[in-house]
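Below is one structure, written out as structure tokens, with a few remarks after it.
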Amino acid sequence: MSDSSILLISADDEVATNVTSALEKIEKARVSRESSSVSQLNGAAVAMAADHDVVIFATDPSNAADLTAIELLTDQRKPGTIYLALTDGDLPLSKARALSRAGVDDVLPYPLSNDELVMQVNEMLAKKRAEFTESFSGAGARNGHLFAVQQARGGVGATTIAVNLADQLLNRKGAFKKEAGNKVVIVDFDLQFGTVGDFLDVDQQEGLLQLASENFIPDAMWIEQSMTRLPSGLAVLAAPSSFVPLEAMQPAQIEGLIKTLKTMFDYVVVDLPRALVNWIEPVLAETDQLLIVTDMTVPAVRATRRLMEFVLADNAQLPIEVVINHEKKPMILREHHREAAKALDVTFHYWIAHDPKAAREAVDYGKPLSEVSARSDIAKGIALMAKSILTAFPKERAEVRV
Ligand SMILES: Nc1ncnc2c1ncn2[C@@H]1O[C@H](COP(=O)(O)OP(=O)(O)OP(=O)(O)O)[C@@H](O)[C@H]1O
Ligand SMILES: [Mg+2]
């Protein structure tokens, strides 16, 4: 299903040639090599190692410098990354234990046959995958809430609101607001024109393209490997760089993706495409609240009305909030506000001020408003919205569900 990236760290060319040629037999594996010993790895290489699914390194566990280096390497561990040590044939148990304490998942005796190497790596990959998936089932499962953000017209500010809402749902705590209180992911389902990645300075990601072009149901490990995590803790599943035919995505894939995301995160925020794609249904079926972002212009209010009718036709019970962007909450509703509320049969709870400077700054820096202009009216408006959402939808664990 997903490709496995394997990094081999070895200063020895002969070892590297042998091991690489064996690893290339693993289906869908991309093998790269770092020509260095573990103890001489530079910081950049250490950080880069964690982007691989498997890291294999030659080591002599009698060497204290190696053990320290391995600890450093495995400290950067991402869930799912496998660390395998390649050591000389007969390893005493005490040495194997030292390696395991340093964070190594398994020890491979060198030399070993190609078949054995391939088998071991495949087994580890399958085991990790199963463990990881398992960790989000039963007691480990979250019961996340899903918020889908839709726009009444192009450019009205849906992505701005989705991204900053997700950021605020982190509910950061501590003196420097560094600790995320909640696990939150933002997913860019605007596959063709999505800008979530730009707003958060995250590279485009090919995960969703792969999902659309290969017909598989994503599991937790695939999701984990396809996402980026920001320093704030926010997880981002960005849109791909190349063109995705929207209809290639199968509703069952989106359903699987969303259901699994809900077991992994407390809050899932989805930026929807403007087009009403055939996989919108599974999104709506799992949505706790649909946020339609609009302004008070007549065409946008009419588009909101049409969207609501479309959505409610098949999901009569779906809670919808209409978010008014580019306008501060007025002290008293004006005539056109009242008319819009009546036409839509809603009460407007969320008003986000028009603040081009703050909006622009956030985009230019590729950061959420909270980090660039937290005191702006637009940031405050979104923070208030997040607060009321957190109150209305407190985070849940699957086990407390009745
Ligand atoms: N409240 C606001 N005040 C001022 N500018 C805003 C506000 N909200 C969004 N913007 C700006 O408007 C532009 C469009 O915003 P955004 O990309 O969020 O809209 P969108 O509805 O997602 O558009 P698209 O149709 O491209 O998906 C951006 O430059 C953004 O910074
Ligand atoms: Mg957008």
Side-chain angles (χ1 to χ4, degrees), residues 147-169 185-202 204-205 208 234 236-241 243-244 246 249 268-277 279-280 283 287 290-297 299-308 311 320-330 337 340 348-386:
F147 301 95
V149 182
Q150 175 68 279
Q151 47 174 189
R153 66 160 174 87
V156 75
T159 302
T160 303
I161 287 171
V163 161
N164 289 288
L165 172 65
D167 172 64
Q168 286 295 330
L169 290 175
V185 62
I186 169 110
V187 185
D188 198 346
F189 274 159
D190 189 2
L191 299 179
Q192 294 178 331
F193 303 107
T195 52
V196 167
D198 303 315
F199 276 52
L200 294 169
D201 197 20
V202 164
Q204 279 147 330
Q205 296 163 345
L208 291 172
L234 182 64
V236 186
L237 198 52
S241 56
F243 185 78
V244 183
L246 287 179
M249 195 70 93
V268 182
V269 178
V270 168
D271 194 6
L272 289 174
R274 180 131 172 73
L276 297 169
V277 287
W279 42 266
I280 192 104
V283 180
T287 295
L290 176 69
L291 302 164
I292 301 179
V293 181
T294 187
D295 56 24
M296 277 290 145
T297 59
V301 172
R302 286 197 179 141
T304 303
R305 168 95 213 147
R306 280 200 301 278
L307 257 174
M308 289 175 72
V311 165
I320 300 181
E321 282 287 341
V322 176
V323 181
I324 314 295
N325 195 16
H326 303 284
E327 202 163 337
K328 227 178 158 165
K329 184 171 186 178
H337 295 140
F348 300 130
H349 296 116
Y350 303 130
W351 302 74
I352 314 293
H354 181 62
D355 189 343
K357 187 164 170 280
R360 173 72 196 267
E361 243 166 27
V363 178
D364 284 352
Y365 283 104
K367 286 192 176 336
L369 285 153
S370 66
E371 290 174 27
V372 176
S373 42
R375 289 168 184 281
S376 63
D377 283 342
I378 174 170
K380 284 184 194 157
I382 296 175
L384 263 175
M385 182 169 144

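Both counts, for ligands and for their atoms, begin at 1 and track the order of listing.
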When you look for heavy atoms under 4.0 Å from ligand 1, do you find them on the side chain of [X], its backbone, both, or neither?
{"X": "Ala353", "result": "backbone"}
{"X": "Val363", "result": "side chain"}
{"X": "Ile378", "result": "side chain"}
{"X": "His354", "result": "both"}
{"X": "Phe199", "result": "side chain"}

Verify atom 15 (O) of ligand 1: protein non-hydrogen atom under 4.0 angstrom away: yes
Heavy-atom protein contact below 4.0 Å for atom 28 (C) of ligand 1: no
Donor-acceptor contact below 3.5 Å, side chain [X] vs main chain [Y]:
{"X": "Gln192", "Y": "Val244", "value": "yes"}
{"X": "Asn325", "Y": "Val156", "value": "yes"}
{"X": "Ser376", "Y": "Ala379", "value": "yes"}
{"X": "Asn164", "Y": "Leu369", "value": "yes"}
{"X": "Asp271", "Y": "Ala162", "value": "no"}
{"X": "Gln205", "Y": "Ala238", "value": "yes"}

Kindly identify the option in [options] whose heavy atom sits closest to [atom].
{"atom": "atom 12 (O) of ligand 1", "options": "Gly154, Ala359, Gly155", "value": "Gly155"}
{"atom": "atom 1 (N) of ligand 1", "options": "Ile352, Val163, Asn325", "value": "Asn325"}
{"atom": "atom 22 (O) of ligand 1", "options": "Thr294, Asp190, Ile382, Thr159", "value": "Thr159"}
{"atom": "atom 6 (C) of ligand 1", "options": "His326, Lys328, Glu361, Gln150", "value": "His326"}
{"atom": "atom 30 (C) of ligand 1", "options": "Val149, Val156, Thr160", "value": "Thr160"}

Heteroatom distance test (Gly157, ligand 1): nitrogen or oxygen, under 3.5 angstrom: yes
Sub-4.5 Å side-chain heavy-atom contact between Ile352 and Met385: yes
Under 2.8 Å: N/O/S of Thr159 next to the Mg ion (ligand 2): yes
Criterion side-chain hydrogen bond (donor to acceptor under 3.5 Å, both in side chains) against His354, the qualifying member of Glu327, Lys328, His326: His326
Nearest-contact summary for atom 21 (O) of ligand 1 - protein heavy atom, Å: Gln151 NE2, 2.7 Å
Nearest-contact summary for atom 3 (N) of ligand 1 - protein heavy atom, Å: Asp355 N, 2.9 Å
Salt bridge present between Arg153 and Asp295 (N-O < 4.0 angstrom): yes
Ala158: numbered ligand 1 atoms lying under 4.0 Å from its heavy atoms: 18 (O), 19 (O), 20 (P), 21 (O), 22 (O)
Interatomic distance, Gln150 atom CD to Thr287 atom OG1 [nearest 0.5 angstrom]: 10.5 Å
Whether over 12 other heavy atoms sit under 6.0 Å from Arg302 CZ: no
